[in-house]
Each structure stands twice: as C-alpha cells, then as structure tokens.
Amino acid sequence: DGGITQSPKYLFRKEGQNVTLSCEQNLNHDAMYWYRQDPGQGLRLIYYSQIVNDFQKGDIAEGYSVSREKKESFPLTVTSAQKNPTAFYLCASSTTHRGLVGYTFGSGTRLTVV
Amino acid sequence: QKEVEQNSGPLSVPEGAIASLNCTYSDRGSQSFFWYRQYSGKSPELIMFIYSNGDKEDGRFTAQLNKASQYVSLLIRDSQPSDSATYLCAVSSGAGSYQLTFGKGTKLSVIP
C-alpha cells in the first residue's frame with residue numbers, strides 16, 4: 001500500500017545536538033512538506049519541496065534544514081540553532097488531480113529536548 | 001498573506017446534537033476547501049472536501065461553501081463522543097498549486 005512513513009515516532013534531543021527526522025513516501029507525489037505543531041496550535045509550515053533538488057522556506061524555517069535528493073525522501077534536520085524544538089513534526093506529500101489537491105500525512109514524530 | 005481563520009473553541013455539544021464548525025479565508029481566488037479531523041497526538045485525516053458553492057453531504061457530515069462570503073463550514077449531525085477532536089480547515093488556491101493553507105483548528109468536545 002502507498003503511504004508516507006515517518007521515523008522515528010519519538011525522538012529525544014540533547015541541548016546543542018542536531019537530529020534528523022526521516023520522511024519517505026511511495027505515492028509518487030511531487031510535492032513534500034514539513035510542518036510543526038505545538039500543543040493547541042495549528043500546523044506551521046517549515047519547508048516544502050515541489051521537485052527534486054529544490055525546496056523553499058516556509059513560515060518558520062530558522063533552525064531547520066532539509067534536502068530533496070530523491071523524489072521519495074525529504075528528511076528534516078533540526079539544528080542546534082533551533083532554540084525551542086520540542087514539538088510534533090508532521091511530514092506530508094501532495095499531488096493534484098483535475099485541480100484538486102490531495103494531501104497525505106505521515107504519522108508524525110514527537111521530538112523532545114532533554 | 002493567505003489566511004484561514006477558525007474559532008479555536010473548545011466547542012462543546014451534547015451527544016446527538018449538531019456540531020457546527022466555521023472557517024473563513026482571505027484569498028478570494030481559493031478554489032478547493034478541505035476539512036481534516038485530528039485526534040490528540042495523531043496526524044490529520046481528511047474527512048471532507050468541497051469546491052463548488054452549496055452543500056456536500058457524506059454520511060453525518062455536511063460541508064457548506066459560500067465563495068462570495070469566503071466562508072466554509074462543517075456540520076456534524078448526531079454528534080458522537082468519538083467525534084471529539086480538533087477539526088482543521090484547509091484551503092487550496094488551485095491554479096496548479098500543490099499547497100494547502102491550514103487554519104489553527106477548532107477543538108470539538110461531544111459530551112455524553
């Protein structure tokens with residue numbers, strides 16, 4: 001079955017450490033996204049990519065980095081420059097059909113600073 | 001900047017009642033509209049989409065769209081405790097755009 005796989009489900013980061021969150025899709029979707037969600041808050045866009053080897057900053061890109069070397073993969077690195085990284089991170093991919101956007105979400109990674 | 005506004009709630013309704021969730025959007029060129037349900041700690045799941053003015057029904061759910069007023073709503077009939085979740089409204093500008101703009105969500109509590 002097609003879908004998006006995020007790993008790990010839970011991640012603990014020490015102060016000053018970089019960590020990488022994995023996101024893989026087998027839906028053949030062109031576009032992929034990373035969102036951050038804090039308790040009681042909506043989805044805030046970190047980065048997105050509409051094509052391999054190209055990506056754009058979202059609303060809260062500072063302290064994060066991404067790469068898109070393959071269509072299927074869009075890993076997110078949370079760097080030590082991100083001062084408040086504890087949050088729920090969601091990866092999504094999308095495609096369009098007859099003008100309608102279809103989004104698929106991964107199951108999320110919960111990152112905690114220890 | 002494209003904006004999608006929702007009342008954050010919480011919205012509390014008794015079991016069996018109709019829950020009404022509302023959303024307004026700023027981009028008049030928006031073409032398609034989505035409602036996602038998100039349980040605590042889980043990822044959002046799509047429950048309805050609509051792109052034409054009027055009503056669209058799917059089981060207990062009805063989405064309503066009024067493009068002139070830039071307003072979209074979701075009605076949940078015969079609300080059940082299992083409907084308790086946060087509901088996210090999302091909007092696509094279309095025109096080849098792959099991206100959705102999300103509202104902050106409305107938390108719904110259905111009281112048994």
Side-chain angles (χ1 to χ4, degrees), chain A residues 3-7 9-10 21 23 25 27-51 54-60 71 74 87-112, chain B residues 1-11 21 23-25 27 29-52 56 63 65 67 72 85-109:
Chain A
I4 292 188
T5 302
Q6 284 188 246
S7 62
K9 189 169 183 176
Y10 299 96
L21 283 59
C23 179
Q25 56 104 353
L27 300 165
N28 199 33
H29 286 178
D30 288 315
M32 297 187 73
Y33 310 83
W34 275 105
Y35 293 91
R36 169 180 172 145
Q37 189 174 39
D38 294 282
Q41 300 294 313
L43 302 177
R44 291 191 288 169
L45 183 63
I46 304 172
Y47 269 99
Y48 65 99
S49 167
Q50 293 189 319
I51 195 170
D54 186 48
F55 47 84
Q56 310 296 327
K57 292 182 179 180
D59 302 319
I60 56 165
K71 187 175 185 178
F74 192 41
F88 187 49
Y89 290 86
L90 283 162
C91 180
S93 68
S94 73
T95 189
T96 61
H97 178 66
R98 295 185 179 180
L100 288 179
V101 177
Y103 255 55
T104 301
F105 283 94
S107 57
T109 293
R110 188 165 299 280
L111 175 62
T112 303
Chain B
Q1 175 119 1
K2 301 172 186 175
E3 292 184 345
V4 177
E5 300 285 343
Q6 295 181 255
N7 187 326
S8 62
L11 173 66
L21 305 163
C23 172
T24 59
Y25 57 94
D27 181 6
S30 298
Q31 296 192 6
S32 48
F33 308 86
F34 302 79
W35 284 100
Y36 286 83
R37 178 176 62 199
Q38 187 178 24
Y39 292 113
S40 180
K42 303 295 185 182
S43 60
E45 56 179 325
L46 180 67
I47 52 173
M48 290 284 291
F49 69 88
I50 186 168
Y51 53 88
S52 298
K56 179 181 179 182
L65 175 61
K67 288 187 178 181
V72 58
T86 296
Y87 289 80
L88 302 172
C89 174
V91 174
S92 166
S93 63
S97 170
Y98 291 82
Q99 191 171 332
L100 296 182
T101 301
F102 287 86
K104 292 184 177 181
T106 297
K107 185 171 183 178
L108 172 66
S109 293

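As the structure is a prediction and not an experimental result, all values here were calculated from the model. In what follows, every heavy atom counts, from backbone to side chain, and hydrogens, waters and symmetry copies are set aside. Below, chains carry the letters A, B, ... as their sequence lines are ordered, and counting in each starts from 1.
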Donor-acceptor contact below 3.5 Å, side chain Ser43(B) vs main chain Gly106(A):
yes
With chain A, the option among Gln6(B), Gln38(B), Lys42(B) that has the most non-hydrogen atom pairs under 4.5 Å is Gln38(B)
Let's test your reading of the structure: which of Pro44(B), Gly103(B), Ala90(B), Gly105(B) forms the most heavy-atom pairs below 4.5 Å with chain A?
Pro44(B)
Please determine whether side chain to side chain contact (heavy atoms under 4.5 Å, CB included) holds for the pair Thr86(B) and Gln37(A), giving the CA-CA distance in whole Å, both sets of side-chain angles, and the decisive distance to 0.1 Å.
CA-CA 13 Å; Thr86(B) 296; Gln37(A) 189 174 39; over 6 Å; no
What one should report as the nearest heavy-atom pair of Gly41(B) and Phe88(A) is O-CZ, 3.8 Å
Which answer fits Arg44(A), side chain, backbone, both or neither, if we ask what part of it has an atom under 4.5 Å from a heavy atom of chain B?
neither
Glu45(B) versus chain A, heavy atoms under 4.5 Å apart: side chain, backbone, both or neither?
neither
In terms of heavy-atom proximity below 4.5 Å to chain A, should Leu46(B) be classed as side chain, backbone, both, or neither?
neither
Could you walk me through whether Tyr103(A) and Phe34(B) pass the side chain to side chain contact (heavy atoms under 4.5 Å, CB included) test, one step at a time?
CA-CA 10 Å; Tyr103(A) 255 55; Phe34(B) 302 79; over 6 Å; no
